Amino acid sequence: MKKSKLLKQLIQSKKIAFLMEAHNGVSAKIAEEAGFKGIWASGLSISAALGVRDNNEASWTQILEVLEFMSDNTRIPILLDGDTGFGNFNNMRRLVRKLEQRHIAGVCIEDKIFPKTNSFISGEQQPLADIEEFCGKIKAGKDAQTDKDFVVVARVEALIAGWGIDEAIKRAKAYAQAGADALLIHSRKSDATEIEGFMKQWDKRKPIVIVPTTYYETPVRNFQRIGVSTIIWANHLLRASVAAMQETAKQIYREQSVKNVQQKIVSVKEVFRLQNTHELKKAEQVYLPQSQEVKAVILAASRGNVGKFTKTKPKCMLEINKKPILSTLVTTMNEYNIKNIHAVVGYKKKVITLPNIELIDNPYYASRNVLYSLYLAKEQFDGPTVVSYGDILFSKHVLQDLLDTTEDIVLTVDTSWIQGAKENREKDVVTCQQSPSYEYLSKNTSSIKKIETLTDSKGAHGEWIGLMKVSSKGASILKKELENLKRKDSRKFYKLNIIDFFAYLLSKKIKITAVYHTGNWLDIDGVEDLVYANKTFKNKRKIIRQ
Ligand code: SPV
Ligand code: MG
């Protein structure tokens with residue numbers, strides 16, 4: 001239902017209604033969550049929250065801005081304390097139109113002179129508006145509304161100004177006649193006698209709204225009995241928050257610690273709840289491009305053939321360019337926002353104390369081949385994942401190109417291998433559908449036909465460097481096929497390496513793609529690789545120094 005209609009029904013209902021003061025988006029929501037069916041957008045509270053006086057120091061458009069936050073954050077209707085309408089009848093017309101645009105349900109205007117002063121400050125000295133002029137303002141407001149349910153409440157200040165009940169009745173009748181939907185009769189007495197006196201003479205032609213800030217001791221049922229329609233609790237959320245803020249600020253200042261206030265204040269989580277943070281999270285999933293987090297698995301369980309160098313540490317912890325290989329790998333991955341990294345470890349695993357990686361233990365690193373390490377990481381294959389050997393290093397752009405691919409299972413294949421230092425050594429040789437092309441912007445991927453470990457590699461296209469990426473779909477294929485293969489014959493499975501697994505996938509017509517690269521990587525298969533790699537870096541440093 002429209003907010004205006006809700007407010008109208010509330011004020012016109014036979015049951016006494018309550019409006020709770022609010023002065024910004026969060027206090028409005030707090031009032032709503034407490035159960036109130038309507039909000040009083042108090043001039044005193046809004047101005048106080050803005051740090052100014054209740055004398056129209058905040059402009060009406062500034063008030064409008066605050067109202068917008070309050071209205072957007074709640075479903076219950078808001079009655080604006082519109083002071084004197086911020087000017088004459090013409091200002092009132094514009095105010096009503098702007099309020100309607102923001103779904104504010106109604107406005108209350110008081111018969112004082114702009115700029116107004118709060119009724120509790122020298123109330124009796126405050127001049128009242130001319131009755132006729134004020135009636136014109138009410139009429140202008142009612143004529144300006146386009147929503148028939150928008151509520152205009154006329155506030156009678158005759159009791160505040162000390163003019164007595166007769167004047168209050170006279171004005172109330174005139175304002176009702178001018179079209180006001182309800183009348184707010186204000187009193188600053190500490191008891192309800194003025195209100196009771198007024199209600200005795202009032203003929204109930206329009207609902208009566210009151211603000212028992214000073215006569216708060218009178219029970220609500222008394223007001224119900226004398227026919228009051230609506231009660232406004234006009235400033236209590238502001239006053240409560242001021243008390244809490246003063247106490248908290250003083251205590252934190254005194255104690256130079258927040259420890260003792262922690263229990264007295266709401267959690268940050270509660271603040272997030274009030275801000276509806278949860279809704280944004282859900283919307284992000286609907287509207288933002290869903291770049292799935294890429295994970296990484298590093299296979300680093302074996303000792304390798306690096307002789308005495310791996311006496312006390314695993315191969316992945318050997319230093320190249322003064323930094324453990326594993327550490328450099330992690331840094332490179334982090335640079336591409338790969339933060340979820342698991343390393344399958346076994347040999348001398350206690351030495352691996354790097355931050356930012358999770359370890360998966362392979363207790364059978366010595367007796368089972370490397371495919372078993374991949375198998376142990378299978379729980380990680382629930383989204384896009386990079387898999388790397390733990391004894392390789394590569395330039396950043398090698399990883400970038402791999403991440404840019406869209407195929408499901410992609411291996412990085414080096415095309416410069418044939419002339420390399422490892423010409424006569426065993427390597428993982430890849431033959432593809434298409435040869436690499438070195439033309440500008442040419443496609444650098446091709447479907448793999450064959451992959452095998454060889455020394456002789458005539459007719460092949462490159463060497464797998466030990467780095468691969470799987471998409472979400474590729475990851476689930478990998479997981480499923482690892483499980484299938486192991487289930488078939490686990491003893492045989494323990495003897496397999498990764499190349500055997502690729503051959504198995506190809507035999508099942510599962511597509512594996514190569515992304516071609518030329519150089520820019522190294523691996524540590526033996527002592528000579530280690531020496532060579534570090535010599536390369538030393539030379540580079542020398543050249544830089546010269
Ligand atoms: C307000 O809340 O700003 C009011 C009510 O106008 S009172 O402060 O009681 O005048
Ligand atoms: Mg006010």
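Keep in mind it's a predicted model, so treat the numbers as computed, not measured. One-based numbering, in listed order, for ligands and for the atoms of each.
Using cut-offs of 30° and 60° for the angle between ring planes, the F198 and W202 rings count as parallel. A parallel orientation is assigned to the rings of F18 and W233, their planes being inclined by less than 30° (bins at 30° and 60°).
For the side chain to side chain contact (heavy atoms under 4.5 Å, CB included) with L184, the lone residue among I232, V156, I210 that qualifies is I232.
Under the ring pair (Phe, Tyr, Trp, His ring centres under 6.0 Å) criterion, the residue pairs touching residues 138-182 are F134-Y175, with sequence neighbours excluded. Sorted by first and then second residue, the ring pair (Phe, Tyr, Trp, His ring centres under 6.0 Å) pairs with a member in residues 90-113 form an empty list; sequence neighbours excluded.
With hydrogens and angles left out, the side-chain atoms of K142 and Q145 include a donor and acceptor closer than 3.5 Å. No side-chain donor from either of N235 and S42 sits under 3.5 Å from a side-chain acceptor of the other. Looking only at atom types and distance, the side chain of S229 has no donor-acceptor partner in the side chain of K14 under 3.5 Å away.
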Does the pair Y216 and H236 meet the rule for a ring-ring contact (aromatic ring centres under 6.0 Å, His included), with working shown?
-> CA-CA 12 Å; Y216 58 86; H236 299 82; 8.2 Å; no
Please tabulate, line by line, the atom pairs linking an N/O of ligand 1 to a protein N/O at a distance below 3.5 Å, with the distance in Å to 0.1, or answer 'none'.
unit_1   : atom_1 : unit_2 : atom_2 : d
ligand 1 : 2 (O)  : W40    : NE1    : 3.0
ligand 1 : 2 (O)  : S42    : OG     : 2.7
ligand 1 : 3 (O)  : S42    : OG     : 3.3
ligand 1 : 3 (O)  : G43    : N      : 3.2
ligand 1 : 3 (O)  : L44    : N      : 2.7
ligand 1 : 3 (O)  : D81    : OD2    : 2.7
ligand 1 : 6 (O)  : D81    : OD2    : 2.9
ligand 1 : 6 (O)  : R155   : NH1    : 2.7
ligand 1 : 6 (O)  : R155   : NH2    : 3.4
ligand 1 : 8 (O)  : N118   : ND2    : 3.0
ligand 1 : 9 (O)  : H186   : NE2    : 2.9
ligand 1 : 10 (O) : R155   : NH2    : 2.9
ligand 1 : 10 (O) : H186   : NE2    : 3.2

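For the Mg ion (ligand 2), protein N/O/S neighbours under 2.8 Å (waters excluded) are D81 OD2.
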